[in-house]
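The next block holds one structure in the form of structure tokens; read it before the comments.
Everything numeric here is computed off the predicted structure, so don't read it as measured data. Because only heavy atoms are used, hydrogens play no part in the values below, and waters and symmetry mates are left out as well, while side chains stay in. Indexing begins at 1, ligand by ligand and atom by atom, following the structure's order.
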Amino acid sequence: HAKAQGRNSMRMFDESMTRDSAERLRMENDLHEALERNEMRVFYQPQFEVATGRLVGAEALLRWCRPVQGMVSPADFIPLAEDTGLIVAIGAWVLREACEQASEWETRTGVPLRVAVNLSPRQLEAGHLVDHISHALQASGLAPSRLELEITESAIVRDTLSTAEVLSRLRALGISIAIDDFGVGYSSMSYLRELPVDKFKIDRVFLSAVPSSASDARLAAALIAMAHTLQVGLVAEGVETSEQLDFLRAHGCHEAQGYYLGRPMTAQDFEALIHAQVPGGPAAG
Ligand code: C2E
Ligand code: MG
Ligand code: MG
Ligand code: MG
């Protein structure tokens, strides 16, 4: 009896594995076509200067709208896009799209804002990244100083020397570089300090229990102090409450983003947000 059960559960295991790999294969096939089928969208989450409350920029966040399944989170398809190498083409599209959008906002609102684009380690390794980015800037007319690139610690750990070289060339163009999800990776302080980097983005795990947990609050305060010491910029991500924002202000954190301040939104909604900030704009009336 036990043997029969064992065989049964083995077969169920096989079937679910087959289903998972079939689903993965279907997703992979669809992902190949997603750009041509115009299923990718870029959403924009506002970033604010903490001390003044001024809108300073947007982070571009990719969304995949599948016809049947609906909106797929990047957490669910970026790993697949990275495994298959599709992230290189998709990432190039996000860059062009975000640069064009930021340039268009500036033309239409007169407000100069920065746009931050997430880069996959695969894009750094693929070569020609600097050429692609210069081309996206030229084609859109966006000033290099308006573009920020977000790179995770793990991307940097993969290959410090050539990564540092690419980052230096990008910075020479006037683009700024931010380390995303700062603090959750394994990078050593000694070489993070050596890297050509303008800004750290502290991961939202550090804020989630602030200010209720005293030890988490001390850790977050230490990260902010460290950015001050290293003289790099700092963005806190995942701000969900007014208490968290007060905490960041009290400790001198430069910038913040999070659901409390604004969710990722369509380009059109973001433009309305810019207008609402302009003195004399629709919201000021
Ligand atoms: P990330 O770069 O760390 O982006 C921040 C994520 O946190 C976003 O998730 C954002 O929607 C979410 N978030 C923002 N504020 C809050 C908050 O207050 N609370 C909570 N709980 N979450 C918040 P999203 O859009 O699902 O993106 C997930 C990740 O996918 C991103 O993490 C980034 O690593 C990756 N990703 C997104 N777009 C791209 C892209 O164009 N290229 C690449 N290579 N990766 C991307
Ligand atoms: Mg990011
Ligand atoms: Mg992040
Ligand atoms: Mg994160």
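Close contacts of ligand 1 with Ser120, meaning ligand atoms under 4.0 Å from a residue heavy atom, involve 44 (N). Listed by number with element, the atoms of ligand 1 under 4.0 Å from a non-hydrogen atom of Gln45 are 14 (C), 15 (N). Here is the list of ligand 1 atoms found below 4.0 Å of a heavy atom in Arg204: 6 (C), 7 (O), 12 (C), 20 (C), 21 (N), 22 (N), 23 (C). Every atom of ligand 1 with a heavy atom of Gly238 under 4.0 Å away is listed here by number and element: 16 (C), 17 (C), 18 (O). Distances below 4.0 Å separate heavy atoms of Glu240 from the following atoms of ligand 1: 17 (C), 18 (O), 19 (N), 20 (C), 21 (N).
Distances from the Mg ion (ligand 2) show that Glu237 has no N/O/S atom below 2.8 Å. In summary, Glu150 places no N/O/S atom under 2.8 Å from the Mg ion (ligand 3), failing the contact criterion. Inclusion of Glu59 in the first shell of the Mg ion (ligand 2) is supported: an N, O or S atom falls under 2.8 Å.
Relative ring orientation between Trp64 and Phe77 is described as perpendicular, the plane-to-plane angle rising above 60° on a 0-90° scale split at 30° and 60°. Taking the six-membered ring for Trp and thresholds of 30 and 60 degrees, Phe200 and Phe182 have nearly parallel ring planes, at less than 30 degrees apart.
By the criterion of a heavy-atom distance under 4.0 Å, the side chain of Asp181, and not its backbone, is placed next to ligand 1. Contact annotation: for Val94 versus ligand 1, heavy atoms closer than 4.0 Å belong to the side chain alone. The side chain of Pro264, and not its backbone, has at least one atom closer than 4.0 Å to an atom of ligand 1 (non-hydrogen atoms only; side chain from C-beta on). At a heavy-atom distance under 4.0 Å, only side-chain atoms of Arg63, from C-beta outward, approach ligand 1. When non-hydrogen atoms are compared, ligand 1 lies under 4.0 Å from neither the backbone nor the side chain of Gln257. Only the side chain of Asp180 comes within contact range of ligand 1, with a heavy atom under 4.0 Å; no backbone atom does. Under 4.0 angstrom from ligand 1, the non-hydrogen atoms of Leu62 come from both its backbone and its side chain.
At the Mg ion (ligand 3), the angle from OD1 in Asp181 to OD1 in Asp180 is 90° when rounded to 10°.
With respect to the salt-bridge test (charged N to carboxylate O, under 4.0 angstrom), the residues Glu100 and Arg96 do not qualify.
For the pairing with Lys201, the side-chain hydrogen bond (donor to acceptor under 3.5 Å, both in side chains) check across Glu255, Glu59, Glu148 returns one residue only, Glu59. Applying side chain to side chain contact (heavy atoms under 4.5 Å, CB included) to Asp83 and the options Glu28, Arg24, Arg122 leaves one that passes, Arg24.
Proximity of Arg263 to ligand 1 is not established, as no heavy-atom distance is less than 4.0 Å.
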Next item on the list: I would like to know whether Val205 and Asp181 meet side chain to side chain contact (heavy atoms under 4.5 Å, CB included); could you show each step before the answer?
Entry: CA-CA 9 Å; Val205 298; Asp181 303 341; over 6 Å; no
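Across Leu95, Asn118, Leu207, heavy-atom proximity to atom 40 (C) of ligand 1 is greatest for Asn118. Of all the listed residues (Val205, Ile78, Ile87), Ile78 holds the heavy atom that lies closest to atom 39 (C) of ligand 1. For atom 35 (C) of ligand 1, the nearest non-hydrogen atom from the set Pro74, Ala256, Gly262 belongs to Pro74.
Looking only at distances, a side-chain donor or acceptor of Arg41 sits under 3.5 Å from a matching main-chain atom of Asn38. Not a single donor-acceptor pair under 3.5 Å links the side chain of Ser140 to the backbone N or O of Ser103. Between the side chain of His254 and the backbone N or O of Lys199 there is no donor-acceptor pair closer than 3.5 Å.
Gln45 places a side-chain heavy atom less than 4.5 Å from the side chain of Tyr259.
How far CD1 of Ile177 is from CZ of Arg171: 7.5 Å, rounded to the nearest 0.5 Å.
The hydrophobic cluster containing Leu35 also contains Leu31, counting ILVMFWY residues as joined when their side-chain heavy atoms lie under 4.5 angstrom apart, directly or transitively.
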